[in-house]
Amino acid sequence: MQLSEQEEIRRASLQQIRELGIDPYPPELYPVSHLSKEILEGFETDPDDYKTVCIAGRLMQKRIMGKASFAELQDSAGRIQIYVSRDDIAHDEEKTLYNKLFKKLLDIGDYIGVKGYAFKTKTGQTSVHVTELTLLSKSVKPLPIVKTDDEGNVHDAFTDPELRYRQRYVDLTVNPQYRDIFLKRSKLITLMRNFFNEKNWLEVETPILQPIHGGAAARPFETHHNALDIPLFMRIANELYLKRLIVAGFDGVYEFAKMFRNEGMDRTHNPEFTAMEIYVAYKDYIWMMEMVETLIEHIAVGLHGKTALQVGEQTIEFKAPYKRISMYDAINEYGGLDISGMDEAALYAECKKRHIDVDETMGRGKLIDEIFGELVEAQLIQPTYITDYPIEMTPLAKKHRTEEGLVERFELFVNGKEIANAYTELNDPIDQRERFMDQLKLAERGDDEAMALDEDFLRSMEYGMPPTSGLGIGIDRLVMLMTNQSSIQEVLFFPQMKPEVQQKQEEEKE
RNA sequence: GAUCGCUUAGCUCAGCUGGUAGAGCAACGCCCUUUUAAGGCGUGGGUCCUGGGUUCGAGCCCCAGAGCGAUCACCA
């Protein structure tokens with residue numbers, strides 16, 4: 001391994017630390033008593049509570065002034081200045097702990113622990129006066145140095161997306177502002193989970209490795225089970241398993257599920273992504289719309305304390321209820337096109353006329369979907385339910401109670417993007433079998449997104465499935481919306497990346 | 001997949017019409033007991049993404065490739 005000059009120097013420092021009899025990676029716990037933030041916020045009003053504090057974190061800056069120094073210690077909650085004076089931490093003749101360890105051998109990035117007392121410097125900054133300094137873990141690789149001046153200008157920012165995503169640990173260390181996105185992501189999931197649990201719906205886990213990749217239309221990742229000698233697919237959806245659990249007699253089941261789709265990657269698509277799917281018995285899609293808008297409002301308030309959020313250029317109002325409009329009416333209202341009387345040939349001609357990219361493999365439903373995507377989607381900024389989709393593209397939803405050729409389905413659009421998708425679930429096993437057959441016909445016609453037939457799923461439905469409404473929410477996209485991020489990579493700790501060049505070469509050697 | 005752009009020190013970036021590599025931070029040495037983008041003096045550090053080509057001479061021009069980004073198209 002080729003080491004840089006600075007890496008060589010840090011390894012040499014490591015050796016010298018050991019020679020001083022100091023373990024650079026001590027095993028025992030460190031008795032942390034406070035977070036930086038607690039001291040910064042609390043010292044002002046209750047200075048007596050901070051006469052002995054013990055904090056730990058990374059050393060992020062050293063300002064040495066001879067026999068005394070200021071430094072900055074960064075922990076999970078933020079940064080605090082520490083004051084280190086020679087005679088307070090070193091008591092031997094040589095003042096080893098200060099002159100050698102602190103001044104020479106500690107580097108930016110090292111984990112240290114300090115004990116001391118909070119005080120205010122003469123410029124009024126709350127700091128910790130160190131009386132005892134402990135090295136907790138030596139860093140042998142230099143971090144990027146990001147500095148912020150008095151006016152808040154960031155200097156030498158660590159912004160290269162490739163490095164930020166590949167080395168997220170560095171990103172979150174030197175760019176602590178991004179931590180908030182992930183804290184909000186976690187909180188959002190907790191808010192949803194608590195919301196569902198209060199209603200006594202059951203959180204479940206269903207198979208990721210599936211013999212048939214059903215429940216959605218997408219190309220799967222394929223793998224192989226050695227002992228059974230069969231192919232298995234990483235799930236592209238979990239819908240058919242959750243419905244089996246509704247058949248089994250649970251009133252409500254939900255799962256936060258990683259899905260895997262072997263398709264393109266860009267700023268809104270990652271090969272693995274998180275969906276939340278929920279199925280509730282004895283409900284329909286109208287009930288589900290009320291549930292979803294209550295949930296989304298609850299999330300906005302839980303994360304931000306308010307319902308109106310700034311997303312990009314737009315201010316979005318998440319307060320329920322949301323506008324509801326059928327797909328046909330939306331195409332008419334937003335696109336000025338009445339498709340209610342059009343057959344497949346007329347729709348195809350209309351697409352061609354408008355230069356919408358279509359081909360002969362597309363059935364009526366798919367053509368309408370294309371028109372909708374082209375004419376309407378981008379205009380749906382405020383939360384809007386689009387309801388009642390063509391039957392052809394929705395093989396798992398129940399036929400509409402009054403409208404011929406439609407199903408009871410809605411999608412929730414916000415800021416021009418789909419956030420949620422829900423149905424009154426099809427529970428008629430004879431109809432369900434016919435729908436799968438129609439999908440097979442579409443597949444024969446060349447539609448590679450047509451859905452595969454799952455005999456065991458049909459068998460479960462034949463035993464009897466209660467009327468049910470089901471919902472899927474793209475968690476990554478919801479987090480993007482709620483944290484005002486425009487790329488999925490910013491809301492995933494470890495977005496999928498191409499292998500690093502260095503690794504590739506090493507693999508080729510093997 | 002298409003078009004455009006980027007890739008130079010550990011990090012952030014300059015580098016003119018082609019003439020042999022620069023700054024700030026970081027590092028190293030020295031000074032400094034209330035600094036805060038700490039400061040002062042000094043020092044070291046580079047396969048200029050890779051491989052070809054043109055040229056007396058390439059970080060710069062040409063060709064091919066890689067990685068990354070932006071925009072567009074498709075999937076959630």
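Protein chains get the first letters and strands the later ones, always in sequence-line order, with residue 1 at the start of each.
The shortest side-chain heavy-atom distance between L481(A) and L309(A) does not fall under the 4.5 Å cut-off.
Distance noted for atom P between G18(B) and U3(B): 28 Å (whole Å). A21(B) and A9(B): their P atoms are spaced 15 Å apart (whole Å). Taking the C1' atoms as reference points, A37(B) lies 14 Å from C11(B), given to the whole Å. Using P as the reference atom, C6(B) and A14(B) are 10 Å apart when rounded to the nearest Å. The gap from the C1' atom of U35(B) to that of G22(B) amounts to 30 Å, rounded to the nearest Å. One P atom belongs to C13(B), the other to G19(B), and the distance between them is 24 Å to the nearest Å. Comparing A2(B) with G44(B), their P atoms are spaced 48 Å from each other, to the whole Å. The same atom, C1', is picked in G15(B) and in A73(B); the two are 38 Å apart, to the nearest Å.
Atom CG in L143(A) sits roughly 18 Å away from atom P in C25(B) (whole-Å rounding). Distance M265(A) CE to C74(B) P: 19 Å, rounded to the nearest Å. Rounded to whole Å, atom C1' of G10(B) lies 13 Å from atom CZ of R11(A). Whole-Å rounding puts the D107(A) CG to C28(B) C1' distance at 11 Å. In this structure, CZ of R164(A) is placed 11 Å from P of G69(B), rounded to the nearest angstrom. Remark: C1' of U34(B) and CD of Q81(A) are 8 Å apart, rounded to the nearest angstrom. Rounded to whole Å, the distance from NE2 on H269(A) to P on C75(B) is 8 Å. Rounded to an integer number of Å, the gap from CZ of R10(A) to C1' of A26(B) is 9 Å.
An OP1 or OP2 oxygen of U34(B) is reached within less than 4.0 angstrom by no side-chain nitrogen or oxygen of K120(A). The shortest distance between the side-chain N/O atoms of K122(A) and the OP1/OP2 oxygens of U35(B) is below 4.0 Å. In this structure, R166(A) reaches the C68(B) phosphate: one of its side-chain N or O atoms is under 4.0 Å from OP1 or OP2.
Among the heavy atoms of the strands lying under 4.0 Å from K104(A) are primed sugar atoms or P, OP1, OP2 only; no base atom is included. Using a 4.0 Å heavy-atom distance criterion, D150(A) is classed as a sugar-phosphate-only contact. Backbone-only contact: E418(A) has heavy atoms under 4.0 Å from sugar-phosphate atoms and none from a base. F260(A) comes within 4.0 angstrom of no nucleic acid atom, judged by non-hydrogen atoms across all strands. At the heavy-atom level, D266(A) lies under 4.0 Å from base atoms of the strands shown. Among the atoms of the strands shown, base atoms are found under 4.0 Å from some heavy atom of T121(A). N262(A) comes within 4.0 angstrom of no nucleic acid atom, judged by non-hydrogen atoms across all strands.
Between Q382(A) atom CD and K323(A) atom NZ the span is 11.0 Å, to the nearest 0.5 Å.
Ring geometry for F70(A) versus Y83(A): interplanar angle of 30 to 60°, hence tilted. A perpendicular orientation is assigned to the rings of F256(A) and Y254(A), their planes being inclined by more than 60° (bins at 30° and 60°). Ring geometry, Y385(A) versus Y322(A): the interplanar angle falls from 30° to 60°, so the pair is classed tilted.
Each of T159(A) and Y83(A) was matched to the nucleotide of RNA chain B holding its nearest heavy atom; the match closer to the 5' end belongs to T159(A). Judged by closest nucleotide on RNA chain B, F158(A) is the one of F158(A) and I9(A) placed further toward the 5' end.
Side-chain proximity of P161(A) to U34(B), G67(B), G69(B): nearest is G69(B). Considering only side-chain atoms of K147(A), the nucleotide from C75(B), A37(B), C72(B) that sits closest is A37(B). If you check A37(B), U33(B), C75(B) against the side chain of S85(A), the one that comes closest is U33(B). Taking only side-chain atoms of E263(A), from C-beta outward, the nucleotide of C75(B), C68(B), U71(B) with the closest atom is C75(B).
RNA chain B lies under 4.0 Å from at least one heavy atom of each of the following residues of residues 56-73 of chain A: Q61(A), R63(A), I64(A), M65(A), G66(A), K67(A), A68(A), F70(A). Sorted by residue number, the list of members of residues 487-496 of chain A with any non-hydrogen atom under 4.0 Å from RNA chain B is empty.
A donor atom on one side chain and an acceptor atom on the other are found under 3.5 Å apart for S4(A) and E7(A).
Judged by distance alone, the side chain of Y98(A) and the main-chain N or O of A68(A) form a donor-acceptor pair under 3.5 Å. Under a 3.5 Å cut-off, the side chain of R261(A) and the backbone N or O of I236(A) do form a donor-acceptor pair. The closest donor-acceptor contact from the side chain of R235(A) to the backbone of K258(A) lies under 3.5 Å. At distances below 3.5 Å, not a single donor-acceptor pair connects side-chain atoms of T96(A) with backbone N or O atoms of K100(A). Without hydrogens or angle criteria, Q485(A) side chain to V479(A) main chain gives no donor-acceptor distance under 3.5 Å.
Here K120(A) pairs with E44(A) in a salt bridge; the nearest charged N to carboxylate O distance falls below 4.0 Å. Taking the charged nitrogens against the carboxylate oxygens, D107(A) and K138(A) do have a contact shorter than 4.0 Å, which makes a salt bridge. Salt bridge status for R324(A) with E293(A): present, with a side-chain N to carboxylate O gap under 4.0 Å. Ion pairing of E490(A) with R267(A) is absent here, as no side-chain N (NZ or NE/NH1/NH2) approaches a carboxylate O to less than 4.0 Å. At a threshold of 4.0 Å, the pair D171(A)-R168(A) counts as salt-bridged, since one of the basic side-chain nitrogens sits closer than that to a carboxylate oxygen.
Searching all strands for a Watson-Crick or G-U wobble partner of C32(B) with both distances below 3.5 Å returns nothing. A 3.5 Å limit on both hydrogen-bonding distances identifies no Watson-Crick or G-U partner for G46(B). Base-pair partner of C16(B): not found among the strands shown (Watson-Crick or G-U wobble, both distances under 3.5 Å). In this structure, A70(B) and U3(B) make a Watson-Crick or G-U wobble pair, each of the two defining distances being under 3.5 angstrom. Nucleotide C11(B) is matched to G24(B) when pairs are restricted to Watson-Crick or G-U wobble geometry with both distances under 3.5 angstrom.
If you check distances only, the side chain of Q125(A) never reaches the base of U34(B) with a donor-acceptor pair under 3.5 Å. A donor and an acceptor atom never sit less than 3.5 Å apart when one is taken from the side chain of E5(A) and the other from the base of G10(B). A donor-acceptor contact under 3.5 Å is formed by the side chain of D156(A) with the base of G24(B).
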Between protein and nucleic acid, restricted to nucleotides 3-7 of chain B and to nitrogen or oxygen atoms under 3.5 Å apart, what atom pairs and distances do you find?
none

